[in-house]
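In the text below, chain A, chain B and the rest are named by the order of the sequence lines, each starting its count at 1.
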Protein chains: 2
Amino acid sequence: MSDVASRVTIREVADAAGVSRQTVSNTLIHPERVRPPTLERVRKVIDELGYRPSNAAQSLRSQRTGAVGFELNATGSALQNAVAFPFVLALSERAVAHGSHIVTFGTQSARPALSGYEDMVRSLLVDAFILADTHAGDPRLPFLDQARIPYAAFGRFWGRPELTSWADVDGAHGTRLATEHCLAAGYDVVGYLGWPDGSAVGDDRRNGWARAVERAGHRSMPRAIAEQDLTSARAAAGPLLDQIGRGGAVVCASDMLALGVEREAAARGWTLGRDIGICGFDDSAISEIAGFSSVTQPLQEIADHLLALVHSRLAGAPPPVEGVLFRPTLVVRGSTARAS
Amino acid sequence: MSDVASRVTIREVADAAGVSRQTVSNTLIHPERVRPPTLERVRKVIDELGYRPSNAAQSLRSQRTGAVGFELNATGSALQNAVAFPFVLALSERAVAHGSHIVTFGTQSARPALSGYEDMVRSLLVDAFILADTHAGDPRLPFLDQARIPYAAFGRFWGRPELTSWADVDGAHGTRLATEHCLAAGYDVVGYLGWPDGSAVGDDRRNGWARAVERAGHRSMPRAIAEQDLTSARAAAGPLLDQIGRGGAVVCASDMLALGVEREAAARGWTLGRDIGICGFDDSAISEIAGFSSVTQPLQEIADHLLALVHSRLAGAPPPVEGVLFRPTLVVRGSTARAS
DNA sequence: CGGCCCATTTTGAACGATCAGATTTGAAAC
DNA sequence: GTTTCAAATCTGATCGTTCAAAATGGGCCG
């Protein structure tokens, strides 16, 4: 097991092809510098021997690993991570196209361990970081910024406009899509179940709904507030459904809240889609399982953008002028298919 | 941004401490070879300068990266990955203790791309792999085995007893725990909702329930079969609940199936826990959200074991004699809290 | 035919760490 | 004061790649 497919080095390829190391290197990186017949010959040998440049040697020389770190949050429920997982997946898939790869890490201790980030860079384990689940007051962004460690965040950094290395989803646009979809589907009243006022993300999503309702010519529509857990969601759903009544719909700030509404509706014997329309947010496993419509985030695009961002920073580019918002789309499932 | 906290090398530490490179190296790796006063002096300098050995240089020299690859399955629903995500998390957390880190990758193409595994090893990107979601006939295990690439799998490789580098969960023990718990809690009839016969994992779990029922002195108990989706689960749950009746319980092969039972019970107005007991399997986000008891897998322990396994293989140890089974435990939630 | 220029290819050095073997140091023994 | 030996420390070589600069080769012009 020790001689795992003994590695082929550039020297062996060079010898076999009757050229120097540098010509082999050029064949891969600067083919235009190599005469076509030589190029072909070297390429053939590379193929035959199955040569792959050593990542370690390249890293040592270039002082770049090509790796991007991503912290998985151990604390917090599986639910908290409902978005994080599909996102790592998207990152891992897209990384190849950027010539890099993703290194995940998670600390057992609850504290963020900022120094861990710095250590990983100093030890040349990763070049940069992608952050998710950034929250107001997140210490990581200022820390990385000040330590001059390149990073890009999925999620706005609300309180600090000077930190611009982020991409986020236009939540207001998402709830607007959901609301307009419900109105168009024929639900006469479209209420909203959201989080308590004051959270930036929550306010953003609520505004999308509110404006869509207004634009459609309605004065006001029922609205309720709940925390991000099923019990709270279901409790709030009761009075809300009373106001909305059969034939209406509810747009929610998250899939979890939507599930609460769905439970309450089911308890009343209302059929999903026909008697009540429900739209969630995030298109997580919950909405997939429960089968209700949800606003879905373009994770692949976001991953792609963030990777491009850190790489341009690594290449010496200045920070972007401002963050980028991506438009979510709506995944329509049975929950809003009104058989009018 | 280019001069990211210019890296400190071993040479700089050596000069600052008035010793040679090797002494600095020994300070970190073989402290017993260094005279105490020297040790202390060098350590102090390391601290002051914030020296961290270059991972790239170490890898080049040792021909080991210390990285372990893990494939995230892009195809397949978020549900398929319900276990995979907490598992990457566990791996990422435990990796530190093994002096390694996890590199995730995912292919956009549907095909497994076995050659990708080999490339990653040849290019010295990772030393070994951890596999999850292995299934009967999974081409990756024989491939890696034959290519002499170290790996360890989460999940038995049923058809091939000679492949022993795996750890798995004792499914039968899990369903047995669930069944005994339900009987002890006072549910008179404990039925089972599982997958169609023939799947190794499914048969294993069913056996655990069957034996527990038998051991408790019951001749036979109701049983039904469903596919791994909510519609199928709910359809199968109907007749099953008819047989079981109020006051009974259902042990399920997965959380998804359990959710189907829960839905059906709710539709009948049965209160979870009091009128009907439900146990899921996997302790995924589903059971967390829906609040029912579930069999939980010791992912941290498994991750730890698998990492130890690949590292011992890397160190030249022979393959293990046989795979290892870990005993799951039961997370009790309201769904089986009988207010007898 | 000699010289010059450009395209192509080769050589030497460096990236930062660790192993093996050489060298120095210090203390004990005579 | 020398010798001896072990402990502590240092030096040289190496891992595989790529950059910079040097060397080679061919074609063209005078």
Quick check: do [X] and [Y] have side-chain heavy atoms less than 4.5 Å from each other?
X        : Y        : result
A:Asp304 : A:Gln300 : no
A:Phe157 : A:Asp138 : yes
A:Leu72  : A:Phe105 : no
B:Tyr117 : B:Tyr151 : no
A:Arg41  : A:Val19  : yes
B:Val8   : B:Val13  : yes

Take atom [atom1] of [X] and atom [atom2] of [N], then tell me their distance rounded to the nearest Å.
X        : N      : atom1 : atom2 : value
B:Leu60  : D:dT18 : CG    : C1'   : 13 Å
B:Arg33  : D:dT9  : CZ    : P     : 12 Å
A:His30  : D:dT18 : NE2   : P     : 9 Å
B:Gln58  : D:dT17 : CD    : C1'   : 18 Å
B:Leu125 : D:dG16 : CG    : C1'   : 15 Å

* Asked: Can a donor-acceptor pair be found between the side chains of B:Asp127 and B:His311 at a distance below 3.5 Å?
  -> no
Determine the contact category for [X]: base if any of its heavy atoms lies under 4.0 Å from a base atom, sugar-phosphate if only primed atoms, P, OP1 or OP2 are that close, otherwise nothing.
X        : answer
B:Thr9   : sugar-phosphate
B:Arg35  : sugar-phosphate
A:Leu124 : nothing

* Structure fact -> Rounded to 10°, the helix from C:dC1-D:dG30 to C:dC30-D:dG1 deviates from straight, judged by its five-pair end axes, by 60°
* Asked: Nearest nucleotide by nearest heavy atom, which residue falls closer to the 5' end of DNA chain C, A:Gly18 or B:Ser25?
  -> A:Gly18
* Earlier contact from the 5' end, DNA chain D, for B:Arg21 and A:Ile10 -> B:Arg21
* For B:Arg61 and B:Arg41, take the nucleotide of DNA chain D holding the closest heavy atom to each; which residue's nucleotide lies nearer the 5' end? -> B:Arg41
* Contact under 4.0 Å: A:Gln22 side-chain N or O vs D:dA20 OP1/OP2 -> no
* Asked: Does B:Thr38 put a side-chain nitrogen or oxygen below 4.0 Å from OP1 or OP2 of D:dA8?
  -> no
* Asked: Is a salt bridge present between A:Glu118 and B:Arg52, judged by a nitrogen-to-oxygen distance below 4.0 Å?
  -> no
* Structure fact -> So the contacted stretch of DNA chain C, first to last nucleotide with an atom under 4.0 Å from a non-hydrogen atom of chain B, runs from C:dG16 to C:dA20
* Straight-line distance of A:Ile149 CD1 to A:Arg122 CZ, nearest 0.5 Å -> 8.5 Å
